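For reference, the structure is listed below as structure tokens.
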Amino acid sequence: MGTFHQNKGELHGITVVVDTTGAEIFVGRCDTVTEQGVILLDGDVHRDGDGGRSKEEWVNRASQFGVWKKFDRLVVPTDKVASIRRLGEVAG
Amino acid sequence: MPYSELLVRPMREELTTLGFEDLRSSADVDGFFGQTSGTALLVVNSVCGCAAGMARPGVREALEAGEPRPDRLGTVFAGQDLDATAEARGHFADIPPSSPSVALFKDGELVFFLPRHRIEGRTAEQVAHDLRAAFAEHCAVAAGH
């Protein structure tokens, strides 16, 4: 039993990693994937190299316990999206 | 904003019928964590069906498999019992908040944590498998078994 939201896509409610064609990589709870982009809730973004961490290092760390919410809502434009995968499928 | 208690009650009962102590206040949480010897399982419950819909059945399946299992069981409800949830999360303050999630403590120390993103999209059996592995590593089999 639970609260389910229909017609939001198969990734709705799932914590995902959205990698981009640029320096940024996002982690957040997927709300919707539209023609305009991926809308994430309660997420964070990392720029490659910030804090001495590559994108991969940051995501691997995130995969262990998650990320601290820095943004209520994030939109990753479709033309910047390189890949979307579930954070739970990332080996930490 | 909390949901109607009418909606939430069955989700609470999925755990309380398994023997979970329903920790609704900070004082309840203090009491639960006041006893530090042995093992304690804390479930951060949630209304979200995307993940919690598998979390609670997974917890049930893990516990119903028998020994080894935690000595004590407690649950807080994220988004409903705000003070209790904040108090409970203070016991694993280095970990980003997520709900549902499951924390296992041994002698007062956090030894295992299953965050929301390790529950989402998985089956109850898979969640139970992870919990059983943690119980096997950290929980003692009760005397007489």
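Here the structure is a predicted model, which is why all the values come from computation and not from measurement. Residue numbering restarts at 1 for every chain, and letters A, B, ... go by the order of the sequence lines.
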B:V111 reachable from B:L73 in the ILVMFWY side-chain graph, under 4.5 Å edges: yes

Within-4.5 Å side-chain heavy-atom neighbours: A:W68 and B:P97: yes

A:E56 atom CD, neighbour heavy-atom count above 12 within 6.0 Å: no

Residue part contacting chain A, namely of B:P96, when any heavy atom lies under 4.5 Å: both

More than 12 heavy atoms from other groups under 6.0 Å of NE2 on B:H129: no

Transitive ILVMFWY side-chain link B:L114 to B:L15, under 4.5 Å: yes

Test item: B:H117 and A:R29 side chains (from C-beta on) under 4.5 Å apart, heavy atoms: no

Hydrophobic cluster identity match, B:V59 and B:F112, side-chain contacts under 4.5 Å: yes

Toward chain A: residues of residues 20-34 of chain B with heavy atoms under 4.5 Å: none

Linked, directly or transitively: A:V18 and A:I39 (ILVMFWY side chains, under 4.5 Å): no

Other residues, nucleotides, ligands: >12 heavy atoms within 6.0 Å of B:E109 CD: no

Nearest atoms (heavy-atom pairs only) where B:R118 meets A:V90: NH2-O, 3.0 Å

Co-membership, hydrophobic cluster, residues A:V16 and A:V75, 4.5 Å side-chain: no

Expected output: side-chain B:E120 to main-chain A:T15 donor-acceptor under 3.5 Å: yes

